[in-house]
Student: 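Here's a structure for you.
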Amino acid sequence: MRCFLALAVPDALVPPLLAVQETLSVGRAIPKDNLHLTLAFLGEQPDDALAELDAALSGMALCGCTLALQGVQGFGGRRVRLLAAGVAPVAQLLALRGQTLSAVRAAGILLPRERFRPHITLIRFGSGLRAGDRDRFEAGVARVAGLASRPEPARELRLVGSRLTPDGAIYETLATWPLSGALTG
């Protein structure tokens, strides 16, 4: 099953994220219930690897952390493929990511080394933003570039299964683990 480890978006952060989506009239908005911050994309994994991951994470006291919105950013270079809200890379969030990567390795799951840029995907542009939509995109981004929020506590880590359909991904929460520890940003 295609899976990832993620944090759900705290309720207080959802309205400003939806407002950004409404400001941009291009692309395909991510449904409210699918908004999340990915800590590790696992790809296709067999059930036994996921069971090992569950055991590894269940044996940890996972760091608590906060999420604070910090601007918007496009991903994909010149052919922007998605627009995301940036999330402040506070120490507790980075520590939690480190813990999740340790659990992933303990479960025998190999991941490519990637730079971690915490973000919440808001809008997808398929194979890339079309040239005809660039002006509306840039005007919309200019209106929401200052997106910011107070830090809000994340409550749990989730293992999410993803099934791709022509209408977008369908997500299913497969397991959850509570976060503990200091919740300062």
Student: Kindly indicate whether the side chain of Arg2, heavy atoms from C-beta on, has any atom under 4.5 Å from the side chain of Ser162.
Tutor: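 Yes, at least one pair of side-chain atoms sits under 4.5 Å.
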Student: Over all heavy atoms of both residues, which pair between Leu57 and Thr100 is shortest? Give the atoms and the distance, please.
Tutor: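 Distance-wise, the nearest heavy atoms are CD2-CA, 4.4 Å.
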Student: Does Val144 share a hydrophobic cluster with Val80, counting links as ILVMFWY side-chain heavy atoms below 4.5 Å and allowing steps through other members?
Tutor: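 Shared cluster, yes.
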Student: Taking all non-hydrogen atoms of both residues, which atom of Leu37 and which atom of Pro118 are closest, and how far apart?
Tutor: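 In this case the closest contact between Leu37 and Pro118 is CD1-CB, 4.0 Å.
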Student: Side-chain heavy atoms under 4.5 angstrom apart, residues restricted to Ile, Leu, Val, Met, Phe, Trp, Tyr: same cluster for Val90 and Leu94?
Tutor: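 In one cluster with Val90: Leu94, yes.
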Student: Assigning hydrophobic clusters by single linkage (Ile, Leu, Val, Met, Phe, Trp, Tyr; side-chain heavy-atom cutoff under 4.5 Å), is Leu24 placed with Val9?
Tutor: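 Hydrophobic grouping puts Leu24 with Val9.
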Student: Below 4.5 Å, heavy atoms only, C-beta onward: do Pro151 and Leu67 meet side chain to side chain?
Tutor: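 No, side chains not in contact.
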Student: Quick one: CZ on Phe125 to CG on Asp133, what's the gap to the nearest 0.5 Å?
Tutor: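 Between Phe125 CZ and Asp133 CG, I get 8.0 Å after rounding to 0.5 Å.
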Student: Do Leu93 and Leu39 pass the side chain to side chain contact (heavy atoms under 4.5 Å, CB included) test, and can you show the C-alpha distance, the side-chain angles, and the key distance before you say yes or no?
Tutor: CA-CA 9 Å; Leu93 175 59; Leu39 292 176; 3.9 Å; yes
Student: What is the distance from atom CD of Glu156 to atom CG of Leu7, rounded to the nearest 0.5 Å?
Tutor: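 Output value for this atom pair is 9.0 Å.
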Student: Could you tell me whether Leu110 atom CG has more than 12 heavy atoms of other residues or ligands within 6.0 Å of it?
Tutor: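 Atom CG in Leu110 is not crowded, with 12 or fewer foreign heavy atoms closer than 6.0 Å.
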Student: Measure the shortest side-chain to side-chain distance between Gln70 and Pro89 over non-hydrogen atoms and say whether it is less than 4.5 angstrom.
Tutor: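 The answer is yes, as the side chains (C-beta and beyond) meet within the 4.5 Å cut-off.
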Student: For the CD1 atom of Ile120 and the CG atom of Asn34, what is their distance to the nearest 0.5 Å?
Tutor: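 That separation rounds to 13.0 Å.
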Student: For a side chain to side chain contact (heavy atoms under 4.5 Å, CB included) check, start with the C-alpha distance between Trp177 and Leu159, then their side-chain angles and the critical distance, and finish with the verdict.
Tutor: CA-CA 9 Å; Trp177 302 272; Leu159 174 64; 3.6 Å; yes
Student: Rounded at 0.5 Å granularity, tell me how far CZ in Arg136 sits from OG in Ser25.
Tutor: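 Separation between the atoms: 4.0 Å.
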Student: Take atom CG of Asp47 as the centre, draw a 6.0 Å sphere, and report whether it contains more than 12 heavy atoms from other residues, nucleotides or ligands.
Tutor: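 Open: at most 12 neighbouring heavy atoms sit under 6.0 Å from CG of Asp47.
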Student: Leu157 vs Leu5, test: side chain to side chain contact (heavy atoms under 4.5 Å, CB included). Steps then yes/no.
Tutor: CA-CA 7 Å; Leu157 176 65; Leu5 291 168; 4.2 Å; yes
Student: Heavy-atom distance under 4.5 Å between the side chains of Ile123 and Arg28, does that happen here?
Tutor: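 Not in contact.
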Student: Do Ile170 and Val160 share a hydrophobic cluster (ILVMFWY, side-chain heavy atoms under 4.5 Å, transitive)?
Tutor: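 In one cluster: no.
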Student: Might you confirm whether atom CZ of Arg130 has over 12 heavy atoms from other residues, nucleotides or ligands at distances under 6.0 Å?
Tutor: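 No.
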Student: For side chain to side chain contact (heavy atoms under 4.5 Å, CB included), just list the numbers for Leu96 and Leu179, CA-CA rounded to whole Å, side-chain angles, deciding distance to a tenth of an Å, and then say yes or no.
Tutor: CA-CA 9 Å; Leu96 177 60; Leu179 302 181; 3.9 Å; yes
Student: Is the shortest side-chain heavy-atom distance between Leu83 and Val141 below 4.5 Å?
Tutor: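 The answer is yes, as the side chains (C-beta and beyond) meet within the 4.5 Å cut-off.
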Student: Ring centres of Tyr171 and Phe4 under 6.0 Å apart?
Tutor: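 Distance test on ring centres: under 6.0 Å, yes.
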Student: According to a hydrophobic-cluster definition based on side-chain heavy atoms being under 4.5 Å apart (Ile, Leu, Val, Met, Phe, Trp, Tyr only), do Leu111 and Met60 belong together?
Tutor: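 Result: yes, single cluster for both.
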Student: If you take all heavy atoms of Ala106 and Ala56, which pair is closest and at what distance?
Tutor: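 Distance-wise, the nearest heavy atoms are CB-CB, 4.3 Å.
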Student: Quick test of your reading: applying salt bridge (charged side-chain N to carboxylate O under 4.0 Å, His left out), list the pairs with at least one residue in residues 77-98, sequence neighbours left out, ordered by first then second residue.
Tutor: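 Listed once each, the pairs would be none.
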Student: Between Gln99 (side chain) and Ala61 (backbone), is there a donor-acceptor pair under 3.5 Å?
Tutor: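 Flag set: sc Gln99 to bb Ala61 pair under 3.5 Å.
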Student: Minimum heavy-atom separation for Leu164 to Ala169, with atom names?
Tutor: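 What the structure gives for the nearest pair is CD2-CB, 3.9 Å.
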Student: Look at the side chain of Ser149 and the backbone N and O of Leu69, then say whether any donor-acceptor pair between them is shorter than 3.5 Å.
Tutor: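 A pair under 3.5 Å: yes.
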Student: Distance from Leu53 atom CG to Asp48 atom CG, nearest 0.5 Å?
Tutor: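 If I round to the nearest 0.5 Å, the distance is 11.5 Å.
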Student: Which heavy atom of Gln21 sits nearest a heavy atom of Ile30, and at what distance?
Tutor: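 The pair with the smallest heavy-atom distance is NE2-O, 2.9 Å.
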Student: Mind checking whether Thr176 and Arg158 have side chains closer than 4.5 Å, heavy atoms only?
Tutor: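 The answer is yes, as the side chains (C-beta and beyond) meet within the 4.5 Å cut-off.
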Student: Please give me the minimum heavy-atom distance between Pro10 and Glu152, naming the atom from each residue.
Tutor: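 Between these two residues, the closest heavy atoms are CB-CB, 3.7 Å.
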Student: Just how far is it from atom CZ of Arg117 to atom OG1 of Thr38, taken to the nearest 0.5 Å?
Tutor: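 It is 13.0 Å, given to the nearest 0.5 Å.
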Student: Give a yes or no answer on whether the side chain of Ser180 reaches the backbone of Leu62 with a donor-acceptor pair at less than 3.5 Å.
Tutor: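 Yes; judged by distance alone, with no hydrogens or angles, the pair exists.
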